[in-house]
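Here the structure is laid out as structure tokens; the discussion comes afterwards.
Predicted model, so just to flag it, every value in this text is computed and none were measured. When reading the values below, keep in mind they use all heavy atoms of this one structure, side chains included, and skip hydrogens, waters and symmetry mates. Both counts, for ligands and for their atoms, begin at 1 and track the order of listing.
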Amino acid sequence: MKLLFGLLLLPMLASAPALAEEDGARLFTPCRACHSLDPAERGLPGPNLSGVVGRAVGSDPGFDYSPALRKARGNGLRWDTPRLEAFLADPAEMFPGLWMSMRGIEDATERMALAQFLANPASR
Ligand code: HEC
């Protein structure tokens, strides 16, 4: 029984990350209106998101953040994938006064795929 379960699960585990990355890139498309993942690209309406996972919240040196994100940075908050997933569910709920007008993403699988893509955009 255990073996059978393992045999069924293995192919699922093997294909899940690839699917998530592909979806993540697609899900990031609307974000590109305001965000870039190319560290050299400046001047968009939102902060640069290259290397966002692992860095402090509100820490793109070239971006003038809202008081809400500056305060979060002052509190020592960092972006990791769980925090990103929670943020994407309802951005303004996590940071009241946020200057990012985007509705949350309802689907938890989509949030996970997007957070994984942001953690590793080159893996496509
Ligand atoms: C209409 C423009 C716009 C769109 C579309 C948009 N954002 Fe943003 N985003 C912003 C702005 C502006 C900020 C900075 C907000 C502030 O200072 O309060 C921001 C901040 C962020 C941050 C925090 C960055 C940091 O340096 O701490 C993340 C993460 C983020 N956005 C992810 C996304 C993702 C993922 C999407 C797509 C699902 C998206 N955004 C769509 C404008 C946008």
Side-chain angles (χ1 to χ4, degrees):
M1 190 57 204
K2 256 188 188 159
L3 180 66
L4 183 63
F5 186 65
L7 286 174
L8 287 172
L9 203 63
L10 249 178
M12 283 167 65
L13 287 176
S15 62
L19 248 184
E21 279 149 22
E22 187 187 307
D23 282 351
R26 181 178 57 76
L27 291 163
F28 190 67
T29 306
C31 321
R32 289 185 193 277
C34 298
H35 295 289
S36 175
L37 292 171
D38 172 355
E41 193 174 355
R42 298 273 151 211
L44 290 177
N48 192 290
L49 292 185
S50 78
V52 68
V53 174
R55 83 183 188 196
V57 170
S59 63
D60 171 1
F63 189 80
D64 194 14
Y65 289 93
S66 65
L69 283 194
R70 275 186 267 145
K71 184 173 159 221
R73 185 183 183 180
N75 289 340
L77 251 54
R78 302 191 82 81
W79 287 117
D80 53 19
T81 47
R83 192 186 305 283
L84 256 180
E85 286 173 41
F87 173 72
L88 293 171
D90 191 345
E93 190 193 31
M94 182 176 276
F95 301 114
L98 188 77
W99 290 346
M100 171 170 142
S101 47
M102 194 203 82
R103 281 185 42 225
I105 299 171
E106 275 173 37
D107 187 327
T109 315
E110 291 190 357
R111 295 197 300 268
M112 190 187 77
L114 194 43
Q116 279 178 13
F117 170 71
L118 286 172
N120 200 357
S123 67
R124 271 175 296 162

Looking at Pro91 and Leu98, what are the two nearest heavy atoms and their distance?
CB-CD2, 3.6 Å

Proximal atoms of ligand 1 relative to Tyr65 (non-hydrogen, under 4.0 Å)
17 (O), 25 (C), 26 (O)

Which of the atoms of ligand 1 are close to Ser66, meaning less than 4.0 Å from one of its heavy atoms?
16 (C), 17 (O), 18 (O)

Spatial distance of atom NE2 (His35) from atom CG (Leu44) [nearest 0.5 Å]
9.0 Å

With no hydrogens and no angle check, just 3.5 Å: does a side-chain donor-acceptor pair link Ser36 and Asp38?
no

Top protein contact for atom 8 (Fe) of ligand 1, by heavy-atom distance
His35 NE2, 1.9 Å

Side chain or backbone, does Trp99 bring an N or O within less than 3.5 Å of an N or O on ligand 1?
yes

Residue, atom and distance of the protein heavy atom nearest atom 2 (C) of ligand 1 read Cys34 SG, 1.9 Å

Protein contact to atom 34 (C) of ligand 1 [nearest heavy atom, distance to 0.1 Å]:
Cys31 SG, 3.5 Å

Considering non-hydrogen atoms of the protein only, which is the closest contact for atom 32 (C) of ligand 1, and what is the distance?
Leu49 CD1, 3.7 Å

Distance, nearest 0.5 Å, that separates CG of Asp23 from CE of Met112:
9.5 Å

Please list, in number order, the atoms of ligand 1 under 4.0 Å from a heavy atom of Leu84.
29 (C)

Measuring from non-hydrogen atoms of Asn48 to any atom of ligand 1, is the shortest distance under 4.0 Å?
no

Parallel, tilted or perpendicular: which describes the rings of Phe87 and Trp79, with under 30° parallel and over 60° perpendicular?
perpendicular

So, regarding Pro30 and ligand 1 (criterion: nitrogen or oxygen to nitrogen or oxygen, under 3.5 Å), is there a contact or not?
no

Looking at atom 8 (Fe) of ligand 1, is there an N, O or S atom belonging to Met102 that lies under 2.8 Å away from it?
no

Check whether any side-chain heavy atom of Met100 lies under 4.5 Å from a side-chain heavy atom of Phe95, and answer yes or no.
no

Below 4.5 Å, heavy atoms only, C-beta onward: do Arg55 and Leu49 meet side chain to side chain?
yes

Atom indices of ligand 1, in the order listed, that fall short of 4.0 Å to a heavy atom of Gly58
25 (C), 26 (O), 27 (O)

When you look for heavy atoms under 4.0 Å from ligand 1, do you find them on the side chain of Phe87, its backbone, both, or neither?
side chain

Ligand 1 versus Leu98: contacting region, heavy-atom distance under 4.0 Å:
both

Please report which non-hydrogen protein atom sits nearest to atom 23 (C) of ligand 1, along with the residue it belongs to and the distance in Å to one decimal place.
Trp79 CZ2, 3.6 Å

Glu85 vs Leu88 side-chain heavy atoms within contact, under 4.5 Å
no

Looking at ligand 1, does any of its N/O atoms fall within less than 3.5 Å of an N/O of Asp64?
no

Nearest-0.5 Å distance, CD1 of residue Ile105 to CD of residue Glu110
6.5 Å

Leu118 side chain near Leu37 side chain, heavy-atom distance below 4.5 Å:
yes

Could you tell me whether the side chain of Trp99 reaches within less than 4.5 Å of the side chain of Pro67, counting heavy atoms only?
yes

Quick one: does Pro47 get within less than 4.0 Å of ligand 1, heavy atoms only?
yes

Judged by non-hydrogen atoms, does Pro45 sit under 4.0 Å from ligand 1?
yes

Is Arg55 in contact with ligand 1, taking contact as a heavy-atom separation below 4.0 Å?
yes

